[in-house]
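Working notes for the structure below.
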2 protein chains.
Amino acid sequence: MQLCTRARYGARALVEFALAHPDNTVSLKEVAKTQRISPKYLEQIMRALKASGLVKAVRGMHGGYVLGRPPSKITLGEVFRVLEGSPALVDCVEHTGVCPMEEICPTRDTWVEMTKAIMTVLEGTTLQDLAERKRRKGSPSTLIYHI
Amino acid sequence: MQLCTRARYGARALVEFALAHPDNTVSLKEVAKTQRISPKYLEQIMRALKASGLVKAVRGMHGGYVLGRPPSKITLGEVFRVLEGSPALVDCVEHTGVCPMEEICPTRDTWVEMTKAIMTVLEGTTLQDLAERKRRKGSPSTLIYHI
DNA sequence: GGATAATCCTACTGTTCCGATAGGAATAAT
DNA sequence: ATTATTCCTATCGGAACAGTAGGATTATCC
């Protein structure tokens with residue numbers, strides 16, 4: 001049960017755009033380089049993000065991407081829904097009526113619980129939070145030496 | 001990000017053994033039938049469970065499986081670890097040193113948080129809990145008509 | 001207006017993992 | 001001896017994952 005790279009890469013990329021928000025566009029190439037992601041693969045991910053409106057694209061030279069909304073208004077939950085589809089850990093969690101044993105299944109309740117636990121974390125984390133984390137961690141010297 | 005069938009089937013099967021505990025053995029065939037799982041596939045799952053000691057096998061006619069411990073002492077966390085391996089949602093959560101960007105990665109903290117959220121649910125659920133849930137749900141008539 | 005640097009788009013591909021199947025060997029009760 | 005069970009190794013089809021290929025379009029800069 002691993003998180004697929006699609007959503008993870010997407011999240012990492014979006015942090016870069018959050019850091020540049022609202023003044024600068026960042027090109028796919030730059031993000032691919034700093035985040036060490038295959039540019040062509042990231043391209044697909046960005047396309048999905050653009051289609052959902054989470055980012056806007058600026059074409060042509062000196063183009064790139066910009067967040068479609070302030071980073072404080074974008075949760076990881078939304079990012080995952082765009083890049084991974086349903087966050088349900090088992091089909092029966094979301095689509096009731098699929099499993100004939102649904103009503104009497106004692107394990108389903110636990111799968112629901114787990115899914116909710118994950119979603120709580122994802123919905124509770126915004127790009128703003130991640131960007132701030134990165135600012136703090138990214139340059140530890142400012143924290144360590146300025147005591 | 002779906003839960004694989006291996007762990008889910010295993011959990012559902014183990015509930016059957018929990019219900020029979022401690023007096024009766026249950027055969028793989030019976031479980032496969034009542035839980036609608038491919039017998040041959042369930043066989044592999046049971047083998048893994050046996051190797052881990054979670055169940056004991058009784059060979060020969062009228063054989064089957066029995067829980068290796070009281071159901072109250074077996075958590076779903078343990079079941080998942082046996083059947084799915086590491087519960088970490090991303091490799092970097094468990095194996096530190098794999099990712100060169102580990103220290104400054106703002107997303108890793110969230111993957112850790114999500115993994116912990118899942119594990120809390122899994123560790124907090126025992127086979128006893130599931131068995132009781134099933135007893136309650138399995139025969140709703142006893143609850144509905146005895147008001 | 002041509003070179004350049006970016007996004008856009010469709011398709012393809014190799015690999016791995018998932019879920020399941022096949023066919024029999026060993027064991028024990030009847 | 002028969003039967004019902006667990007045990008074991010190997011195999012397989014398909015789907016999903018992660019990434020690649022190659023070019024079309026758009027806008028800036030000189």
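Sequence lines set the chain letters: A, B, ... in the order given, protein chains first and strands last, and positions in each chain run from 1. On a predicted model such as this, the values are computed, not experimentally measured, just so you know.
Using a cut-off of 4.0 Å between Lys/Arg side-chain N and Asp/Glu carboxylate O, A:Asp109 and B:Lys134 are scored as not salt-bridged. Between B:Glu102 and A:Lys137, no side-chain nitrogen of the basic residue sits less than 4.0 Å from a carboxylate oxygen of the acidic one, so the salt-bridge criterion is not met.
No side-chain heavy atom of A:Leu42 sits under 4.5 Å from any side-chain heavy atom of A:Ser38. Proximity of A:Arg12 to A:Ile37: side-chain heavy atoms (C-beta onward) are separated by under 4.5 Å at one or more points. In this structure, A:Arg36 and B:Pro100 have side chains that are in contact, with non-hydrogen atoms separated by less than 4.5 Å.
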Review item, side-chain donor-acceptor pairs of residues 114-123 of chain A, under 3.5 Å, at least two apart:
| residue | atom | partner | partner atom | Å |
| --- | --- | --- | --- | --- |
| A:Thr115 | OG1 | A:Leu89 | N | 3.4 |
| A:Thr115 | OG1 | A:Trp111 | O | 2.8 |
| A:Thr120 | OG1 | A:Lys116 | O | 2.8 |
| A:Glu123 | OE1 | A:Thr75 | OG1 | 3.3 |
| A:Glu123 | OE2 | A:Arg81 | NH2 | 2.6 |

Would you tabulate the side-chain donor-acceptor contacts of residues 48-63 of chain A under 3.5 Å, counting partners in other chains and residues two or more places apart, or write 'none'?
| residue | atom | partner | partner atom | Å |
| --- | --- | --- | --- | --- |
| A:Ser52 | OG | A:Leu49 | O | 2.8 |
| A:Ser52 | OG | A:Leu54 | N | 3.4 |

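Listed by residue number, the members of residues 19-31 of chain A with any heavy atom below 4.0 angstrom from DNA chain C are A:Ser27, A:Leu28, A:Lys29. DNA chain D is contacted by A:Gln44, A:Arg59, A:Gly60, A:Met61, A:His62 of residues 42-66 of chain A, taking any non-hydrogen atom closer than 4.0 Å.
Defined by atom type and a distance below 3.5 Å, a donor-acceptor pair is missing between the side-chain atoms of A:Thr107 and B:Arg133. Under the 3.5 Å distance criterion, with hydrogens and angles disregarded, a donor-acceptor pair is assigned to the side chains of A:Thr5 and A:Tyr41.
Considering A:Ile74, A:Val66, A:Val26, A:Leu127 in turn, A:Val26 is the only one that fulfils the side chain to side chain contact (heavy atoms under 4.5 Å, CB included) rule with A:Phe17.
The footprint of chain B on DNA chain C, defined by a heavy-atom cutoff below 4.0 Å, extends from C:dG19 to C:dT30. Of all nucleotides in DNA chain D having an atom under 4.0 Å from a heavy atom of chain B, the first and last in 5' to 3' order are D:dT3 to D:dA10.
For A:Arg6 (side chain) and A:Glu84 (main-chain N/O), no donor-acceptor pair under 3.5 Å exists by modelled atom type.
Taking every heavy atom of both residues into account, A:Glu94 and A:Ala88 meet most closely at CB-CB, 4.1 Å.
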